[in-house]
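These notes concern the structure reproduced below.
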Amino acid sequence: MAKPLDLKSTINLPRTDFPMKAQLPQREPQQLAQWEAEKLYQRILESRAQAPLFVLHDGPPYPTGDIHLGTGLNKIMKDMVVKSKTMAGFRSPYIPGWDCHGLPIESKVEKQLGGKKDSVAPAEFRRMCREFAVKYIDQNRRDFKRLGVLGRWEKPYLTMDPEHEATIADAFLTFMEKGYVYKGLKPVYWCISDRTALAEAEVEYADHTSPSIYVRFKLAQDGPDANSIPAALKGKNVYGIIWTTTPWTIPASMALAFHPDFVYAAVETDSGDVYLVADQLRKSVAGACGYKESKPLATYKGSELEAAHLKFHHPFLDRLEPAVLADYVTLEQGTGIVHTAPGHGADDFRTGQKYGIGTYAPLDDDGRFVEGLPEYKGKTVFEANPLIVKLLESRGALIGQGKLQHSYPHCWRCHNPVIFRATEQWFINLEHDHLRRHALNEIRKVKWTPEWGEQRLSGMVAERPDWCISRQRFWGVPLIVMYCEQCGEQFKDFQALRNVIRWFEREGADAWFTHSAEELLPPGTKCKCGSARFRKEKDILDVWFESGSTSLAVLKDGMWPADVYLEGPDQYRGWFQSSLLVGIGTRDRAPYKQVVTHGWTLDAEGRPMSKSAGNGVLPSEICEKWGADLLRLWTTSQDYQADVRFSEPMMTQLAESYRKIRNTFRFALGNLANFDPARDAVADSELSEMDAWMLHRTGELVAKCRAWYDEFEFHRVFHALYDFFVVDLSAFYFDVLKDRLYTFAPRNIARRSAQTAIYRITSALVRLAAPILVFTSEEVWKHLPRAAGEPDSVHMALFPTAEDFTTGLDRRKLENWESLLAVREQALKKLEEARSAKVINSGLGAKLQMRASGKTLELLKNYASSLPQLLIVSQVTVEPANASAANGQVDDIEVAHADGKKCERCWNYSIHVGENADYPAICERCTAAIAEIEGSRDPAVESANR
RNA sequence: GGGCCUGUAGCUCAGGUGGCUAGAGCGCGCCCCUGAUAAGGGCGAGGUCGACUGUUCAAGUCAGUCCAGGCCCA
C-alpha cells in the first residue's frame with residue numbers, strides 16, 4: 001500500500017527574505033542613514049589603521065544649486081577608487097572638498113544687492129558670499145552622499161576655511177619669495193562707466209554700430225632696415241592698408257600684423273600710390289575705398305614682409321610700426337592686415353609680447369585719453385572715435401569709411417559697450433627658475449590614464465603664457481603684497497609678511513579687509529626707508545591658484561603627494577595644471593603620482609549635457625527614479641576614457657541588467673537557507689568535480705577583476721561580472737544545480753557540495769561588486785551566512801583572492817569540464833530542434849543518444865553518469881561512432897523521447913518509476929532521497945536544520 | 001582655425017606586436033518551462049569594423065586624407 005506523502009514538502013526549494021523587488025529609491029536612503037549611524041566611514045579607516053596608505057585627493061567642485069551628471073559621475077568614480085582600494089587592503093581616506101571663492105557666487109551676491117556692491121563694506125560683502133557658499137555646499141553634500149559616496153562629509157575641506165585660506169596665502173608668499181611673481185600689464189575687459197574690470201563671464205554680446213574705417217600706413221623708406229625693402233616697393237609711396245571698427249585704438253597702434261601664409265599684393269592705384277593688401281581682398285578693399293587699381297606690381301607672402309623688416313609710419317604720431325606675423329589674421333573681412341594695439345586687445349597683446357613691443361594704453365579708468373594729440377586728449381574713447389576719424393582724414397590717412405553693425409561686448413550690469421584695456425596685473429613667470437621646464441619634467445614622471453594625458457598636458461604647459469594670478473575682486477584670498485606709504489616701494493620682508501598668515505589662521509582672509517596693514521604686520525615693522533606705514537594690495541588671487549593649493553592644505557601626515565587625481569578632461573587646462581605649478585613652486589614636485597581623466601557627459605545624440613541646452617539630467621532625479629546603484633551601474637557600464645552617454649533607453653537596459661544580477665543573488669541566497677558554512681561546508685577534496693571547476697572559474701574571474709580594479713578599468717569589471725552572472729551562473733551553473741539542490745536530501749554531501757560552491761562564489765561576487773553596487777551588495781551581504789570574523793558591512797571586507805578558489809582539482813579535469821561545456825552547447829541546439837519538431841517540450845522529456853569517437857568518446861564515457869544533470873535531460877546514451885568529428889565535437893546527437901515515466905517528485909523520466917510499492921509515483925533516485933531524509937529524521941537534527 | 005581625443009551589430013563592451021567565415025551580453029524575433037515565478041531556460045536574425053586612398057601575400061588592426069562628434073584654446 002502506498003504511503004501518503006506530500007512530495008512537495010520533501011523538495012528543498014529556495015527560501016529567502018531577500019526581496020526580489022529592489023525599490024532602490026526607497027531603500028537606499030535607509031541604508032545611508034544606517035551607515036551614518038554606525039559611522040561606517042570612520043570604522044573602515046580605524047580597521048585599516050596599520051594598512052598602507054592610498055590617497056585620492058578630491059578635486060573641489062564649485063558649489064552650485066544642483067550637481068550636474070558629470071559631477072555625479074566624477075564623485076562615483078572617486079568612490080569606486082576609494083572603495084576598491086580599501087577592499088584591496090589599503091587605508092584610503094576620502095576627504096571631499098569645495099572650491100568656495102570666485103566670481104559665480106560673487107555675482108549672485110551682487111545681484112542680491114541690486115548691483116550696488118559698493119553699498120556694503122568688503123568684509124560684509126564677503127560674509128554674504130560665505131553664506132551663499134555654505135548654503136550650496138549643504139545642498140551639494142546631500143546630493144553627493146545620496147550617491148552612496150563614503151567619506152569625511154562631516155568635515156570636508158573648504159577653500160574658504162581660515163586654515164585653508166592661510167595655506168593659500170602662504171603658498172603665494174612662497175612664490176613671491178622665490179622670485180616667481182612679477183607685476184605686468186595685461187588687457188582685460190573694462191567698463192568705463194562702472195570703472196571696473198570685467199571677467200569673461202561678465203560681458204554679454206549685443207548688436208552695436210561701430211564706425212568702420214580703412215586707414216593707410218605709409219611704408220618708411222629710410223632707416224637701418226631700408227636695404228631689405230623689396231625692390232618693387234623701393235622709392236615708391238607704399239602704404240599698408242588696415243581696417244578697424246575701433247578708431248580710438250589707433251593712437252595705441254604699435255604694429256601691423258600679417259598672416260604668415262597669406263599672399264599680399266602691392267597694387268598701384270589711380271593716384272599713383274602703391275597699396276599693400278591681401279591679394280584675395282584686393283577688389284573688395286578697392287571697392288570699399290573707391291580707388292581704381294592697376295595690375296599688381298608684385299606679391300609677397302606675409303612671412304616675407306616680416307622678414308624684410310618693413311616699418312610703417314603711424315598716421316599722426318611719431319612712431320614706426322613694424323610688420324609682424326599673427327595667425328589670427330583672417331580674410332573674412334578687412335584687408336588682411338591688422339593694426340595691432342597690444343594695450344587694447346587680447347590677440348594684440350600676445351603678439352606684442354612675442355615681438356617685445358610695448359603695451360601702450362593711454363587711458364584712465366573712465367576711458368579718457370590721458371595723453372596724445374589735442375584733438376582727442378581728455379575725451380573718452382567713444383567720444384574720440386569721430387574725432388580720430390576726422391584727424392585721420394586731415395592727415396590723408398583715411399581712405400574709406402562706413403558703419404558696421406556687429407556683435408560687440410557689453411557690460412552685464414550697465415549694458416554699455418566695454419573696451420579692452422591694459423591694466424596692471426600680477427603674474428607667475430613660467431621661465432623663472434625654469435618653472436616651465438621643471439613642470440614638463442614632472443609631467444613625465446606621472447602615470448597618466450589614459451596615456452595621452454601626458455602629451456596633452458605637456459603641450460599646454462609648453463605653450464601657455466605666464467600665469468596671471470590677480471583679480472580685481474573681493475571674494476577670494478588677497479595677494480599678500482604691501483607697499484610703503486612713504487617711498488612707495490613694495491615691502492619685501494617675507495618673515496614679517498608671514499605674520500599675515502597667522503592672522504588668516506585665526507580669522508581667515510577676512511583679516512585682510514578688517515585690519516590695517518600695521519596691525520597685520522608684527523609690531524614695529526619698518527620699511528627700509530624707515531617708514532612704518534604701509535598700504536595693502538587690493539587684488540585677490542585667481543581661484544585656480546587656490547584650487548592648485550588644495551593638496552598643501554588637505555594632505556597632511558605623510559599623505560602628500562597624492563596617489564591619484566581623478567577629474568574630467570577640462571582639468572588639463574584647470575586643476576591638473578594649477579596643482580602641478582603650485583606643487584613645483586612650493587615643494588619642487590607634482591602633487592600627484594597618477595592622474596586619471598574621464599570623458600564628458602553627453603546625451604543620446606552625443607551632445608554635451610547642460611542645463612541651458614535643456615538636455616541635462618540631474619543625478620538627484622536619477623536617484624529618485626532609478627536609484628543610486630543604477631546610476632553607479634551606468635557609470636561603470638561605459639568606458640570612461642572616452643565620453644560617456646546618458647539616455648533613458650540605456651537606463652532601462654541597465655535596470656534589466658540590475659534585475660538579473662539581483663535575482664541571481666537572490667537565487668543563491670535562497671539556496672543557502674539553513675546553510676551554515678562553519679557546519680555544512682564541504683572540504684575541497686569532497687567537492688563534486690563540477691563544483692570545484694566552477695570555483696576555479698570564479699577564481700579566474702577574481703584575478704581578472706582585481707587586476708582591473710587596480711588599473712581603474714571599472715567597465716571591464718562590470719562586463720565580466722555581469723557576463724558571469726548571466727552566462728555562467730544563471731543560464732548554466734544554477735540551472736544545472738537545481739536538480740541537485742531541490743531533490744537531494746538536504747544534508748546529502750552532493751547537495752552540500754553545491755551549497756558550498758554557491759556560498760563561496762556568492763561571497764566573492766558580492767565583494768567584487770561592492771564598489772559598484774554599494775547598496776545592493778550591502779543588502780546581499782547582510783543576507784549571506786557570514787563566517788566568524790567577517791565584518792558586518794561588505795565595505796569593510798577585503799576582496800577575495802584567486803587563491804581562495806584553488807581546490808586541488810587537477811588541470812586535466814578542469815579541461816574535461818571545458819570540453820563538456822562545448823558538448824552541452826551542441827546538445828542544446830539539438831534539443832531545440834527536437835522542441836520545434838514537437839518530439840519533446842521540456843528538456844527532461846528527452847533522451848539523448850550520442851555518438852562519438854576518440855578522446856571525445858572517452859570523455860563522455862568517463863562522465864556518463866553526470867551527463868543527464870549537466871544537460872538537464874532524463875537519459876543520455878553514449879555509443880562509438882565510425883567517423884571522427886573535429887575537435888571535441890560529438891559526431892552525432894539524436895534526441896528521442898525519454899524512456900519510462902515522469903517521476904512526480906523530480907520530474908525526471910525513469911523506467912524505474914513505480915518499482916517502489918511505498919511510493920509508486922517516484923523514481924529510484926527519489927526513493928533513495930526520501931529514505932535518506934527519513935533516516936535523518938531525528939528531532940535534534942531537525943531543529944538544527946530549521 | 002590650432003592642440004589632444006573618440007567613431008566595431010539598435011545599446012553597452014571585447015578584439016597584445018596586421019593572419020581562420022569579426023566576438024559577448026542586453027534588446028529584438030520565435031519557442032520551452034511554470035519547483036528562482038511581476039522569475040527561469042533555449043534557439044535565431046542583426047555588423048560594407050565612420051568614409052576614401054595607400055602599404056602588404058594578408059588590415060577592424062599600419063600610413064595618409066576626409067567626414068562626424070567631444071574637451072581645451074583661438
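Hydrogens, waters and symmetry mates play no part in the numbers below; they use all other heavy atoms, side chains included. Order of the sequence lines sets the chain letters (A, B, ...), proteins ahead of strands, with each chain counted from 1.
Under the Watson-Crick or G-U wobble criterion, with both distances below 3.5 Å, B:U34 has no partner in any strand shown. Nucleotide B:G23 forms a Watson-Crick or G-U wobble pair with B:C13, both donor-acceptor distances falling under 3.5 Å. Look at B:C62: its Watson-Crick or wobble partner, with both distances under 3.5 angstrom, is B:G54. In this entry B:A39 has no Watson-Crick or G-U wobble partner, no candidate having both defining distances under 3.5 Å. For B:G7, the paired nucleotide is B:C67, the pair qualifying as Watson-Crick or G-U wobble because both relevant distances are below 3.5 Å. Nucleotide B:G44 forms a pair with B:C28, judged by Watson-Crick or G-U wobble geometry with both contacts under 3.5 Å.
Annotation: proximity of residues 700-718 of chain A to RNA chain B (heavy atom, distance under 4.0 Å) is found for A:H715, A:R716, numbered in ascending order.
Within the nucleic acid shown, A:S637 comes within 4.0 Å of sugar-phosphate atoms alone, with no base atom in reach, counting heavy atoms only. As judged by a 4.0 angstrom heavy-atom cut-off over every strand, A:Y572 is placed among residues making no nucleic acid contact. The residue A:T330 sits apart from the nucleic acid: no heavy atom pair falls under 4.0 Å. Using a 4.0 Å heavy-atom cutoff across all strands shown, A:N671 reaches no nucleic acid atom at all. Residue A:K660 is classed as a sugar-phosphate contact, given heavy-atom separations below 4.0 Å to backbone atoms only. As judged by a 4.0 angstrom heavy-atom cut-off over every strand, A:L828 is placed among residues touching the sugar-phosphate backbone only.
Each of A:R824 and A:W452 was matched to the nucleotide of RNA chain B holding its nearest heavy atom; the match closer to the 5' end belongs to A:W452. Where A:D735 and A:G453 each meet RNA chain B at their nearest nucleotide, the meeting point lying more 5' is that of A:G453.
The closest side-chain donor-acceptor pair between A:T449 and A:Q594 falls under 3.5 angstrom.
Side-chain contact check for A:F725 versus A:D723: every heavy-atom pair is 4.5 Å or farther apart. Contact of the A:L820 side chain with the A:L867 side chain is registered, since non-hydrogen atoms from C-beta on lie closer than 4.5 Å.
A:D603 places no side-chain N or O within 3.5 Å of a backbone atom of A:G616 that could act as its donor or acceptor partner.
For A:N841 and B:C33, the shortest distance from a side-chain N or O to OP1 or OP2 is below 4.0 Å. Put simply, A:K838 has no side-chain N or O that comes within less than 4.0 Å of OP1 or OP2 on B:C31.
With hydrogens and angles ignored, a donor-acceptor pair under 3.5 angstrom links the side chain of A:S730 to the base of B:A36.
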### Summary
Scoring nucleotides 67-74 of chain B by protein non-hydrogen atoms under 4.0 Å (B base, S sugar-phosphate only, - none) yields --SSBSSS
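Taking atom C1' on both nucleotides, B:C66 is separated from B:G27 by 34 Å, rounded to a whole Å. Distance check on atom C1': B:A74 versus B:U65 gives 24 Å, rounded to whole Å. Going from the P atom of B:A63 to that of B:U6 covers 12 Å, rounded to whole Å.
A salt bridge between A:D691 and A:R740 is present, with a side-chain N of the basic residue lying under 4.0 Å from a carboxylate O of the acidic one.
In this pair, A:Y722 does not lay its aromatic ring on the base of B:G25; centres under 5.5 Å and planes under 30 degrees do not both hold.
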